[in-house]
Amino acid sequence: MLVQSSRFRFLFPPIQKRIPSSLSFSVASSAMDSASPSMLFLCGKSSTESEIAKSLKINDTLNLPNGGKVSALLQSEINTFRFGEDAFNVDLFWNSLSTKRFGRFLIWSPLLPSTHDIVSHNFCELPVGTVCVADTQFKGRGRSKNAWESPRGCLMFSFTLQMEDGKTVPLVQYVVSLAVTEAIKDVCDRNGFPFIDVRIKWPNDLYLNGLKVGGILCTSTYKSKKFNVSSGIGFNVGNEKPTTCLNTVLKELSTTPNEFRREDITAAFFNKFEMLYDIFINQGFQTLEELYYRTWLHSGQRVIVQEKNEDRVVENLVTIQGLTSSGYLLAIGDDNQMCELHPDGNSFDFFKGLVRRKLE
């Protein structure tokens, strides 16, 4: 039996609410027409993954939820279309990717409803570690079934992984967040860029200079004694609205006309994630905690917890200390009582409506 786990659903960044005019009308109108299939280019880094791509195309295996159709094509067919110079460059991605498992099978689309729907809906048909990248996304998945439209310049991808220990599943989002921040550092180092300080806002947001620039979405299903996890990332690389983006900040800090490329960031993410994920699975998240706490925004942060006391709502101040073993916030009250903080499930901002559970 397939069981949907909805306890850990996290949020893509809200970008724009319209499809950008820079996208050619013929491609946009075709892809957004529900009767027209979405184009999926199936690409493999090695001959093994390339054979998988051929098989999926021949057998017409992939589809979208609710009967949505796709048109499966191979990497060799990309050049038969004109997508523009800013389309995702698969060869650039391959040149920077050095993983053994993650990211080696790539699905690229110029325009999709949701990359997350592709990998989650077709999970059992795809090799574990598959990544789906879209140049433009118009029904991105978010918390509480929110949908986001994301324009060109935003890096949007979703990938698959499989886990056996259900207790570790809620923590994998933190490994994903950490891999994003480490990937940005790596791209800066390799290209001689100024340091760009991307920070993590618990549980799933990415911030730059106090503004939200990205977010993480993790969902899971349980089947055949394994958790099938679909993880998605949305990150503002070249689209500065509605907040800011990496290239805007880089331009402010650099004296030369440098730019981040989505392909480099995506490859660097998987190179970092594969290493961090292996540490996480083999040694536990506590091995990564020091690095995570150096990257997040919350050590020592004072937050208000609202609690009902008979007919009154009482507000108490607590100080965040870190994370509990279950992935919630660990805090201490002014009475030195340790507690675990949970979101109430109703507030859009996780830090509004925190619920306290005292720890023994």
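Only this structure's heavy atoms are used, side chains among them; waters, hydrogens and symmetry mates stay out.
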Please step through side-chain contact (heavy atoms from CB on, under 4.5 Å) for the pair Leu250 and Phe260, ending with a clear verdict.
CA-CA 8 Å; Leu250 180 60; Phe260 285 93; 3.8 Å; yes

Under 4.0 Å between a Lys/Arg side-chain N and an Asp/Glu carboxylate O for Arg190 and Asp264?
no

With the side chain counted from C-beta on, respond yes when Leu161 and Phe273 share a heavy-atom pair under 4.5 Å apart, and no when they do not.
yes

Pairwise distance CG(Asn316) to CG(Leu354) - rounded to 0.5 angstrom
12.5 Å

Looking only at heavy atoms, the pair that brings Tyr328 and Glu340 closest together is CB-CG, 3.5 Å

Same cluster or not: are Leu97 and Leu92 linked, directly or through other Ile, Leu, Val, Met, Phe, Trp or Tyr residues, by side-chain heavy atoms under 4.5 angstrom apart?
no

Exam field: side chain Asp186 to backbone Glu182, donor-acceptor pair closer than 3.5 Å
no

Is Leu74 reachable from Leu62 through a run of hydrophobic residues whose side-chain heavy atoms are each under 4.5 Å from the next?
no

So Asn63 and His121, side-chain contact (heavy atoms from CB on, under 4.5 Å) or not? Walk me through it.
CA-CA 8 Å; Asn63 54 67; His121 188 69; 2.8 Å; yes

Between Lys57 and Glu77 (salt bridge meaning N to carboxylate O under 4.0 Å), is one present in this structure?
yes

Of Val187, Asn236, Leu155, Val198, which meets side-chain contact (heavy atoms from CB on, under 4.5 Å) against Leu246?
Val198

For the side chain of Glu240 and the backbone of Val237, is there at least one donor-acceptor N/O pair under 3.5 Å apart?
no

Heavy-atom side-chain contact between Phe280 and Val172 under 4.5 Å
yes

Criterion salt bridge (charged side-chain N to carboxylate O under 4.0 Å, His left out) on Lys185 and Asp197, from CA distance to verdict
CA-CA 8 Å; Lys185 294 176 188 176; Asp197 190 19; over 6 Å; no

Looking at side-chain heavy atoms only, is the closest gap between Leu111 and Asp135 below 4.5 Å?
no

If we ignore hydrogens and angles and just use 3.5 Å, is the side chain of Ser114 paired with the main-chain N or O of His116 as donor and acceptor?
yes

With the side chain counted from C-beta on, respond yes when Phe235 and Arg262 share a heavy-atom pair under 4.5 Å apart, and no when they do not.
no

Once rounded to the nearest 0.5 Å, what's the spacing between atom CG of Leu329 and atom OG1 of Thr319?
12.0 Å

Does Leu288 belong to the same Ile/Leu/Val/Met/Phe/Trp/Tyr cluster as Leu206, with side-chain heavy atoms less than 4.5 Å apart forming each link?
yes

Ignoring hydrogens and geometry, is there a side-chain-to-backbone donor-acceptor pair from Thr99 to Phe270 under 3.5 Å?
no

Can you tell me if Asn66 has over 12 outside heavy atoms packed within less than 6.0 Å of its CG?
no

Under the criterion salt bridge (charged side-chain N to carboxylate O under 4.0 Å, His left out), which of Lys100, Arg101, Lys272 is the partner of Asp278?
Arg101

If we ignore angles and hydrogens, is there a donor and acceptor under 3.5 Å between the side chains of Gln321 and Ser299?
no

Hydrogens and angles aside, do Asn204 and Gln173 bring a side-chain donor and acceptor to less than 3.5 Å of each other?
no

Keeping Asn271 on the side-chain end and Ser96 on the backbone end, is there a donor-acceptor pair under 3.5 Å?
yes

Just checking Lys45: does its NZ atom have more than 12 heavy atoms from other residues, nucleotides or ligands closer to it than 6.0 angstrom?
yes

Criterion side-chain contact (heavy atoms from CB on, under 4.5 Å) on Val305 and Glu315, from CA distance to verdict
CA-CA 6 Å; Val305 177; Glu315 292 188 346; over 6 Å; no

Does a side-chain heavy-atom distance below 4.5 Å link Ile200 with Asp205?
no

Classify the side-chain pair Ser158/Thr115 by whether it contains a donor and acceptor separated by less than 3.5 Å.
yes

In terms of hydrophobic clustering (I, L, V, M, F, W, Y; side-chain heavy atoms under 4.5 Å; direct or indirect links), are Leu211 and Leu253 co-clustered?
no

Side chain to side chain, Pro127 and Arg104, heavy atoms closer than 4.5 Å
no

Heavy-atom donor-acceptor pair, Glu49 side chain to Ser46 backbone, under 3.5 Å:
yes

Looking only at non-hydrogen atoms, find the nearest pair between Val229 and Ser220 and report the distance.
CG2-CB, 4.1 Å

Could you tell me if Gln75 and Asp91 have a donor-acceptor pair between their side chains, going purely by distance under 3.5 Å?
yes

Can you name the nearest heavy-atom pair linking Ser38 to Leu112, along with the distance?
CB-CD2, 3.7 Å

If we ignore hydrogens and angles and just use 3.5 Å, is the side chain of Thr160 paired with the main-chain N or O of Gly129 as donor and acceptor?
yes

Indicate, with yes or no, if Ile281 and Phe269 share a hydrophobic cluster defined by side-chain heavy-atom contacts under 4.5 Å among Ile, Leu, Val, Met, Phe, Trp and Tyr.
yes

Trp202 side chain to Tyr174 side chain, donor-acceptor N/O pair below 3.5 angstrom
yes

Short question: side chain of Tyr293, backbone of Leu323 - any donor-acceptor pair under 3.5 Å?
yes

Side chain to side chain, Phe159 and Val176, heavy atoms closer than 4.5 Å
yes

Which distance, rounded to the nearest 0.5 Å, do you find between the OG1 of Thr130 and the CG of Asn122?
10.0 Å

Return yes if some donor-acceptor pair links the side-chain N/O of Ser254 with the main-chain N/O of Lys251 below 3.5 Å, else return no.
no

Test your reading of the model: is there a side-chain donor-acceptor pair from Gln337 to the backbone of Leu359, 3.5 Å cut-off?
yes

Give a yes or no on whether a salt bridge exists between Asp60 and Lys69, defined as a side-chain N under 4.0 angstrom from a carboxylate O.
no

So, applying ring pair (Phe, Tyr, Trp, His ring centres under 6.0 Å) with Phe41, which one of Phe105, Phe88, Phe83 is it?
Phe83

Taken to the nearest 0.5 Å, the spacing of Ile52 CD1 from Leu42 CG works out to 10.5 Å

In the structure I gave you, are the side-chain heavy atoms of Ser230 and Phe123 within less than 4.5 Å of one another anywhere?
yes

What one should report as the nearest heavy-atom pair of Cys188 and Pro194 is SG-O, 3.5 Å

With rounding to the nearest 0.5 angstrom, report the CZ to CD1 distance, Phe195 to Ile184.
10.5 Å

Rounded distance [0.5 Å steps], NZ in Lys358 versus SG in Cys339
9.0 Å

For the residue pair Cys245 and Leu208, what are the closest heavy atoms and their distance?
O-CD2, 4.2 Å

With the threshold set at 4.0 Å, does a side-chain nitrogen-carboxylate oxygen contact exist between Asp86 and Arg261?
no

Can you see whether Thr61 engages Glu125 through a side-chain donor-acceptor pair at a distance of less than 3.5 angstrom?
no

Tell me the closest heavy-atom pair linking Thr295 and Arg199, and the distance in Å.
O-NE, 2.9 Å

Would you please test Ile332 and Asn336 for side-chain contact (heavy atoms from CB on, under 4.5 Å) and show each step?
CA-CA 6 Å; Ile332 186 169; Asn336 290 322; 3.9 Å; yes

Does CZ belonging to Arg312 count more than 12 external heavy atoms closer than 6.0 Å?
no

